[in-house]
Amino acid sequence: MKSNFIARLILLCVPGLAVATPLPARELLPSGFFIDGDRLIVGLLIAALLLGTTILVSLTMRLRRLWQHYREIDPTCNSERYRTVSQKLNSTQIGKILQYNKRRLPKTTPLAVIFAVFLQHSAAAQAPAKPGGSAILGETGVIITIVLIALPVLLALLLILVKANQVLRKAKSRFESREAEELSKYFNELPEKEVDALEHRKAALEYRLSGQELSGSMPPDDKRGLIYFHEKSGLPVVAAKKKAPQRPNIDPALSKVILWYIGSAIFWLLFGTTVGEYLGIKFIAPDADHLSWLSFGRLRPVHTNAVFWGWASLGMLGLGYYVVPRVGNTPLASIRWAWYALVLVNLAVLTGSCSLMAGINNGGGEYREYVFPIMSLFVAGLALTLANYIKTIANRKTEEIYISNWYMVAALIFVAVIALVGYLPFWQDGLGETIVQGYYMHQAVGMWFMFFTLGIVYYFLPQQLNQPIYSYSLGILAFWTQILFYTLIGTHHFVFSAIPWWLQTVAIVASVGMVIPVVAGTTNFLLTFRGAWHHVRHSYTIPFFLVGILFYFTGSMQGTAEAFRFTNLLWHFSDFTVAHSHLTMYGIISFFLWAGMYALLPRITGKEAPQITIGIHFWLALIGLLFYTIPLMYGGTLRGLSWMAGEPFLESVKLMMPYWLWRAIGGTLMWFSHLFFAYNFYKMVNRKQEETDISEMAIRNLAVTGKN
């Protein structure tokens, strides 16, 4: 009775969840999914409540003290306080006051209390209701997933607190400046008596001993050789830092081809996500059209293949064409091959999209819907790229091969293997096709997109932080362990199928083994921030990297959690898997690509996009992704419970309606963010908007005047 009351209370308090209240036939499932006396959930709720209460009380008390301090300050009667301040001045300060009677002294002043309500509401908003239940919450995969869902919420709370603190510091600075002006007026109007007192104090403060009281003026002489005398002192431990060398100019031909790769990728991003936006609307309005080429079965692979092979692949290749020659300190082997590869990949995605909408497809599994002749164009483009990269690396002027090139070249090699395994017909019969599908689908994500993108991060993240990667060894550990474990996990998508039980077990064990490369990579990236966190405030690329790193850990660990047999039975084939795929391909791959592009494009074009539109792009993409994934994970869990209870399939469809609405809302925000990204790209490449450099004009005028 108590658990039912709590469950209904949560449904009433959380908008949108009341629509998903189960029918009487499955009344027990959602109440079992909510709090049912489970010690773990009760403990988590109590801990969250105590933490939130502590934060609120601490902020309230701090702001109340600041407000009281502010009210105690009377701007018209500060002579006594200023006199106390003047007694603490040092000699240099007194000299400047006596010279021109003007000095701005830092002093602790009250903060802007107007942000108190904002902070309290922000903190209170970070305590969402967490569903759970004793029936399934004892499972390892579910516990891991609950923790992973909580991590972005905690990060959002931290970001809000940091941002609020930054605003408060700015307000404090304004108040300090105002008080400093009042103090300067006081110093300007000092009476003669106090000026004389300051002069006497200055003379006292400037008195110094000669330093020779306990020694003499004779040079040191040690006849017994017991004293070793240094003429100059140095830094025996800390080496002098070298200045960063001036970077050479980028080859205009290489810049042009890179811009075309990124521009093509943005085109396919807009096209593919526009199709995805339409598909999201069809979930809540299935009768939107009655045209065969706009049916869900045809448009869904158009969406996935366009963003996979068009947006992500072309974006990665374009960034790779900059990184590979840069870390080798050598020109790209062949610009012409890069253009050929660009044409082949674009031609493959264009013809593939048209064929899928016409109903011509491979008839195989997910992500390999392109027929063999079309996919062969894509593979040919990647083969040209691989040859180009290897030839460039072979011509490098550095002794070692940087880790970014390890990841990128390995990704291109693996994608060739993946294509051969997925399309050659020798093992495409019976269970063999199912096993091949699991291998192809998962290797395309982990050994092509993830591997290549990690290589991009290993270059651009240290560059943006202006310091080396934390550990080269951790990067190599993550490299080899991902090759070892990720190539074995494909069949965890077919647990409880007719595939041999031992093969399913190997996939589950390898999924757990993926903890090693993920933790190693995440640790390496986060520790690279040591001593450089201040860059986050002044950079618009590093927030994209931070979000990508966060989802790299949470999304990958969520994949491990889904591999366990119970969680696989609960979540597989439900909308939870859809949320997971977007959490990884969008939260990791796309955010890393955006970070790399925002870091590279100003170096190529010399222009930056408006800060406001970059911020809008970031927040729309992040909030849209959370609106998309969290409701689908929650609704997918309820749907899995419904299936496990043996209820009719149609009932689970009705159950998902409110969560599909959230999916459409989140997808719309994500789609709008892509429009802002395209606008930012336009602003960085548009040559007609170049601003006049007044300084250069003045220098040229001076040069002309000097010649005359």
Side-chain angles (χ1 to χ4, degrees), residues 140-141 144 316 367 382 386 389-390 400-422 427 432 434-458 469-495 499-527 549 551-565 567-568 580-581 584-585 588-589 592:
T140 304
I144 294 175
M316 294 188 309
Y367 310 142
L382 297 189
L386 175 61
Y389 283 4
I390 291 178
E400 59 198 19
I401 300 176
Y402 185 61
I403 191 171
S404 291
N405 287 352
W406 283 51
Y407 277 91
M408 294 178 183
V409 171
L412 285 165
I413 294 174
F414 270 104
V415 77
V417 175
I418 293 165
L420 291 176
V421 172
W427 39 71
T434 304
I435 297 173
V436 165
Q437 170 57 28
Y439 176 85
Y440 175 89
M441 173 177 56
H442 230 80
Q443 303 316 300
V445 175
M447 301 307 295
W448 168 231
F449 297 110
M450 190 70 72
F451 232 39
F452 201 109
T453 307
L454 289 176
I456 293 173
V457 176
Y458 272 105
I469 197 72
Y470 171 73
S471 172
Y472 205 89
S473 299
L474 277 178
I476 299 301
L477 173 66
F479 177 86
W480 288 112
T481 51
Q482 181 158 338
I483 291 177
L484 172 63
F485 292 116
Y486 211 104
T487 52
L488 301 174
I489 67 177
T491 51
H492 76 200
H493 283 272
F494 302 102
V495 178
I499 293 175
W501 192 258
W502 67 267
L503 188 56
Q504 300 177 33
T505 304
V506 168
I508 295 172
V509 173
S511 300
V512 176
M514 277 300 297
V515 172
I516 298 175
V518 171
V519 171
T522 304
T523 303
N524 208 5
F525 295 149
L526 291 180
L527 288 180
I549 293 169
F551 285 121
Y552 173 57
F553 178 76
T554 56
S556 301
M557 291 298 94
Q558 187 186 70
T560 298
E562 287 184 79
F564 295 106
R565 285 193 168 91
T567 49
N568 196 286
H580 170 66
S581 63
T584 53
M585 280 301 300
I588 304 174
I589 306 302
F592 278 155

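Here, residue 1 is the first one in the sequence, and each next residue gets the next number.
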Checklist entry - Would you say the side chain of M450 lies within less than 4.5 Å of the side chain of Q482, judging by non-hydrogen atoms? => result yes

Checklist entry - Is the side chain of Y440 donor-acceptor paired with the backbone N or O of G490 at a distance under 3.5 Å, no angle test? => result no

Next on the checklist: Using side-chain heavy atoms (C-beta onward) and a distance below 4.5 Å, is M408 in contact with T453?
Outcome noted: no

Checklist entry - Looking at side-chain heavy atoms only, is the closest gap between T522 and F525 below 4.5 Å? => result no

Checklist entry - Under the 3.5 angstrom rule, does the side chain of S556 hit a backbone N or O of V518 as a donor-acceptor pair? => result no

Next on the checklist: Keeping N524 on the side-chain end and S471 on the backbone end, is there a donor-acceptor pair under 3.5 Å?
Outcome noted: yes

Next on the checklist: A side-chain contact here means heavy atoms from C-beta on lying under 4.5 Å apart; do L503 and F494 qualify?
Outcome noted: no

Item to check | I499 vs T434 side-chain heavy atoms within contact, under 4.5 Å | outcome: yes

Checklist entry - Quick one: are W406 and I476 in side-chain contact, heavy atoms under 4.5 Å? => result yes

Next on the checklist: Do Y439 and V421 make a side-chain contact, defined as non-hydrogen atoms from C-beta onward lying under 4.5 Å apart?
Outcome noted: yes

Checklist entry - Do the rings of F451 and F414 sit parallel, tilted or perpendicular, given the 30° and 60° boundaries? => result perpendicular

Checklist entry - Do the non-hydrogen side-chain atoms of I456 and F592 ever get within less than 4.5 Å of each other? => result no

Item to check | Parallel, tilted or perpendicular: ring planes of Y407 versus Y458, cut at 30 and 60 degrees | outcome: parallel

Item to check | Separation of I489 CD1 from M514 CE (nearest 0.5 Å) | outcome: 5.5 Å

Checklist outcome for this item: d(E400 CD, N405 CG) to nearest 0.5 Å is 11.0 Å

Checklist entry - For W427, does the CH2 atom sit with more than 12 other heavy atoms under 6.0 Å from it, leaving out its own atoms? => result yes

Could you pull out all donor-acceptor pairs under 3.5 Å where a side-chain atom in residues 442-449 meets a protein atom, sequence neighbours excluded?
| from | atom 1 | to | atom 2 | distance (Å) |
| --- | --- | --- | --- | --- |
| H442 | ND1 | H493 | NE2 | 2.8 |
| Q443 | NE2 | Y486 | O | 2.9 |
| W448 | NE1 | S313 | OG | 3.1 |

Item to check | Side-chain donor-acceptor contact under 3.5 Å, H580 with E562 | outcome: yes

Checklist outcome for this item: When rounded to the nearest 0.5 Å, the distance separating OG1 of T560 from CZ of F485 is 10.5 Å

